[in-house]
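Inspection log for the structure reproduced underneath, given as structure tokens.
Below, chains carry the letters A, B, ... as their sequence lines are ordered, and counting in each starts from 1.
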Amino acid sequence: MPSPYVVNIIDGEGSSRILNGSYAVTADVGGYDNASINPDSQVISAGTDTYDFLVAATGTLTLHVTEEGTAGGTAVVGATFVRCDSAGTAYGDPVVSVAGGNAEFPFVPFAASGAPTIYYRQTLSADDHEFDDTLKSLTMTASTETVEVANPLAALRTINLTDANYAGLPIETGDLTFTAN
Amino acid sequence: MSDKQEYITVRCLSPRTKGNFEIVVLDVENRTVFQGKTAWDGTAAFHVCSPGEHRIRVRAKDCLSPMAATKWLFFYPNRFYTVYFLFNLFLLKPGFTMASFRLTDQNYGGLPIQKGDIQLCRVPM
């Protein structure tokens, strides 16, 4: 195949048989800033078979965390999210909701069409709030988007403590400690 | 006597039309008496106060061979010197390489790009 060589990338990898030499490198990646390809020049030489490149995006995904999951809901501070791949493997630094309930993923890809899927997962919330830790995904068609996330207050639960040898006899006073595992 | 006679001119010649080179000049006692870069045309002119033997080291920044070169010069005062350094392009072994390319997100270390293309256009060396 003569120059220019076009290397198709799937899930971060591609390969091609390339004549040794010096090349200018450009990218065509949906949702990303193609001018950000780094490095933008590469010497292909015998003995080196793997070449690494980086590309950056410029969108911002805001996760607005409230107890109700609505724009006007009660903000939850301390909800933590991390970006993932489709298999759920985490990458980059986690983002945490601040006052107002917003956690922002910067530098995420977007495009009017053909944007890649963004995967993320919630890993923590405020102490007394519940959250969904399953892998979530979306595609962004604009540079900024906001997703409403519900982290409701943990339900009020009734705990009964009775004597093991006198069925139903309530324990007058005492404490039970529940530790997450 | 003009000031020009007290200057050393270093000219770095390479097939590249543009590119600067780093220069260090050391005296006989290994003290640095000049440190700088050439202009984009590979030329630098500078004054060296002390007479006697000097080493002129030049280092190429791009893919040139050799990567660095040294010349010795006995410098007499009130003389004008021009020292040439020749560089060639880094020689590549001809042939094909079965190359693998990894493309990841610059801001999320290791996050693989789901799909896209990288184009490589050959540039003359």
Side-chain angles (χ1 to χ4, degrees), chain A residues 2-32 34 36-38 41-57 83-86 89-93 105-109 114 116-117 119, chain B residues 12-22 37-42 58-69 85-125:
Chain A
S3 173
Y5 295 92
V6 178
V7 181
N8 187 231
I9 301 293
I10 300 291
D11 289 334
E13 293 187 353
S15 60
S16 182
R17 185 174 153 81
I18 293 181
L19 188 64
N20 295 338
S22 180
Y23 292 88
V25 181
T26 56
D28 183 7
V29 181
Y32 281 80
N34 288 315
S36 68
I37 186 74
N38 182 22
S41 64
Q42 181 68 58
V43 173
I44 304 293
S45 59
T48 303
D49 301 330
T50 301
Y51 300 86
D52 290 311
F53 294 88
L54 300 170
V55 69
R83 271 194 76 187
C84 299
D85 61 16
S86 59
T89 304
Y91 297 90
D93 296 328
F105 282 121
F107 309 117
V108 294
T117 305
Y119 295 92
Chain B
C12 298
L13 305 178
S14 81
R16 286 197 192 281
T17 54
K18 288 183 178 178
N20 54 24
F21 298 78
E22 295 176 358
K37 292 179 181 177
T38 68
W40 281 101
D41 64 355
V58 174
R59 191 154 66 92
K61 296 182 74 177
D62 295 323
C63 299
L64 295 174
S65 178
M67 293 177 68
F85 290 86
L86 300 179
F87 292 87
N88 211 332
L89 293 168
F90 179 70
L91 292 178
L92 286 170
K93 191 177 177 181
F96 284 87
T97 292
M98 188 62 198
S100 294
F101 297 88
R102 294 188 295 214
L103 181 59
T104 54
D105 193 304
Q106 182 172 300
N107 297 295
Y108 294 88
L111 177 63
I113 300 303
Q114 290 163 25
K115 61 178 180 177
D117 291 328
I118 293 176
Q119 295 99 28
L120 295 98
C121 284
R122 194 177 172 97
V123 292
M125 292 189 70

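- Both the backbone and the side chain of Phe105(A) come within contact range of chain B, with heavy atoms under 4.5 Å apart.
- Atom OG of residue Ser41(A) and atom OH of residue Tyr23(A) lie 13.0 Å apart, to the nearest 0.5 angstrom.
- Asp11(A) CG to Leu103(B) CG: the interatomic distance, rounded to the nearest 0.5 Å, is 11.5 Å.
- No other option in Ala24(A), Gly30(A), Ser15(A) has as many heavy-atom pairs under 4.5 Å with chain B as Ala24(A).
- Neither the backbone nor the side chain of Asn34(A) comes within less than 4.5 Å of any heavy atom of chain B.
- Counting heavy-atom pairs under 4.5 Å between each of Thr26(A), Val25(A), Thr50(A) and chain B puts Thr26(A) at the top.
- Between Met98(B) atom CE and Ser16(A) atom OG the span is 6.5 Å, to the nearest 0.5 Å.
- Across Gln114(B) and Pro116(A), no two heavy atoms sit closer than the pair OE1-CB, 3.4 Å.
- Around CG of Asn38(A), the count of heavy atoms belonging to other residues, nucleotides or ligands within 6.0 Å exceeds 12.
- Counting heavy-atom pairs under 4.5 Å between each of Leu120(B), Asp105(B), Ile113(B), Leu111(B) and chain A puts Leu120(B) at the top.
- For the set Leu19(A), Ile10(A), Ile37(A), the entry with the most heavy-atom pairs within less than 4.5 Å of chain B is Leu19(A).
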